[in-house]
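To start, the structure itself, in structure tokens.
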Amino acid sequence: METAQIAHSGTLESNDIMITLSVRPPGSGQQIEIQSIVMQQYGDAIRQTITDTLNYQGIIDIYVKAVDRGALDCTIKARLLTAAARAGFKLKEDNDL
Amino acid sequence: MINAVGRELPDYLDGFGKIKPFNGAFATLPDMPRQSPKVKRMCPGNHKVLNDLEEVFTKIPIRDGMTLSFHHHFRNGDGVVNMVLATAAKLGLKNLTVALSSVFPVHAPLIDHFKSGVVAALDTNYISGPVAAAISQGLPARPTILRTHGGRARAIECGQLHIDVAFIAAPATDCYGNINGVSGPTACGSLGYAFPDAEYADYVIAVTDHLEEYPLSPISIPQTRVDFVVKTDRIGDPKGIVSGTTQITKDPVQLKIASLAAQAIKASGMITDGLSLQTGAGGASLAVASFVRKMMRETGIVGSFALGGITGYLVQMLEEGLFKKIVDVQGFDLEAVRSLAANPNHLEVGAGFYANPFNSGCTVNQLDCVILGATEIDTNFNVNVVTGSDGIIMGGSGGHSDAAAGAKLTIIVANLLRGRLPILVDQVMTVTTPGETVDVLVTEWGIAVNPLRNDLLERFKTAGLPVKDISELKRIAEDIAGIPQTNRSQGKIVAVVEYRDGTIIDIVRQVPK
């Protein structure tokens, strides 16, 4: 598997999320940084969605930066998967969490 | 103690006093005489025009702890509040109360006056911008009092808000203190929110940049209540005072909501001769007016009056003959100013006439229908327009609670989801307008009717409108967005939300920076 170092997906429009992935050396683990306009209400839910999606896809060593403008779960998942594909990860297609 | 909308309140609050709990929209009766300001005299040959604000302060004199009042018709173009408070700071005054009917981003210098102790308390009906955030962080020495537009008039007229000195931002005045809002470079239209201040303050000052020959005409605030006139170079920025034309929203979701709301008005049987209507200036609210206008044209209906904050859109409806009168407490755009100056059927009224619950009749009581917005609404139809769902102050009632209480049909129009946040919740963060005065919620996902209004429910069903139980609408929102976590601050009380009758309907607590 060939992976790029950094990949992006999404925008900073209202109801969207901008995901930036940076591939880390094996053993680094998942590091997730979230900024959100609904942090207080949905911060935990956003983190959960990102973690679940990464785990399902078997992406273990990664840095994720998520700048959220109130995206729904389906949007968060779609943007994250697109960024992962752009980073070169081969995705399982039935990502229905 | 717990009030009638289920909010836990202290019996007593430092810097405010004894708390009288909200007990129902019409449950509290007045038990006081009206306020009576000092009797004055003015001898022939005496003059009112002073050189500058400093002279006003020394002449009255303004002392520590006094209450200075201001009106908000200049909105984000106001220059008078900042000028007056800068003078107070320069003269070393402390512990003032500022009674400003609404606070805008332009009033950010208030924050420094809170910090330095020049201003200890704020009494207002609506706050936006940095001052709102500063209050949420607990900056002023005493809690802020958030009133309604009618409630502020009531507090002034019935003696709970005693004004030592009212500073009237005066677009046009003459040397003897007659004031109007329709001429001069800062013309703002109606001066209605300043009427109670002018009528009841111990001292009234006209601050102007436009002196006309005596006697001024028309006269909105008369010489008989004005003690001094101060002319300065500039009292405001016209660009922040009035907008060009207020536009109707082009957002398809908001248009759908507006269309549904108009159908609900029709189904309720209100599109008949004599219809009276209040809408806000917000996009969706104004869009409802456009759908109602179409219905009125199609059926040849002539309404009696449009009320509230007036936009060019309502002026067009007046000039087209769709309404016989406009009752104007605040104008939002240049068309509203022009119409008030030229059209005898466009009436300028004060805040008490508009919405004070404690007089022999205010105009909101004559409303058939009002269209209002909401930041949050709960399953008991209580509305929050004071705080965001994060608990930070971002608004206030303004006339929300007043119009809701007065109108026969109160419709809340709101997107079910704002960003990701459902606007429908189990309990709103801050109750502003009690659910018993709200009849209908219209969202893009359907219409919910207050169980107190089964008559409307039947009419809406008969008309084939998409009626849903309010709990079902809430479930739809949560299915889409997920259930939001709510985090209520336990910090100190930074503001009390006063219902229009003077009882306390809720409190706002400090939110850390």
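In what follows, chains are A, B, ... by sequence order, proteins preceding strands, each numbered from 1. All values derive from a computational prediction rather than experimental measurement.
Considering Asn15(A), Leu72(A), Ile37(A) in turn, Leu72(A) is the only one that fulfils the side-chain contact (heavy atoms from CB on, under 4.5 Å) rule with Arg420(B).
How far CE of Met39(A) is from CG of Asn487(B): 12.5 Å, rounded to the nearest 0.5 Å.
Under 3.5 Å, the side chains of Gln41(A) and Ser389(B) contain a donor-acceptor pair of N or O atoms.
Your options are Ala71(A), Ala45(A), Ser14(A), and the one with the most heavy-atom pairs under 4.5 Å with chain B is Ala71(A). Each of Pro484(B), Gly419(B), Gly482(B) has some count of heavy-atom pairs under 4.5 Å with chain A, and the biggest count is that of Pro484(B). The greatest number of non-hydrogen atom pairs below 4.5 Å with chain A, out of Leu417(B), Thr486(B), Ile480(B), is found for Ile480(B).
Heavy atoms of other residues, nucleotides or ligands lying less than 6.0 angstrom from CD of Glu472(B) number more than 12. A 6.0 Å sphere centred on NZ of Lys468(B) holds more than 12 heavy atoms belonging to other residues, nucleotides or ligands. Ile111(B) CD1: more than 12 foreign heavy atoms inside a 6.0 Å radius.
For the pair Ala481(B) and Tyr42(A), the tightest heavy-atom approach, listed with the atom from each and the gap, is O-CE2, 3.1 Å.
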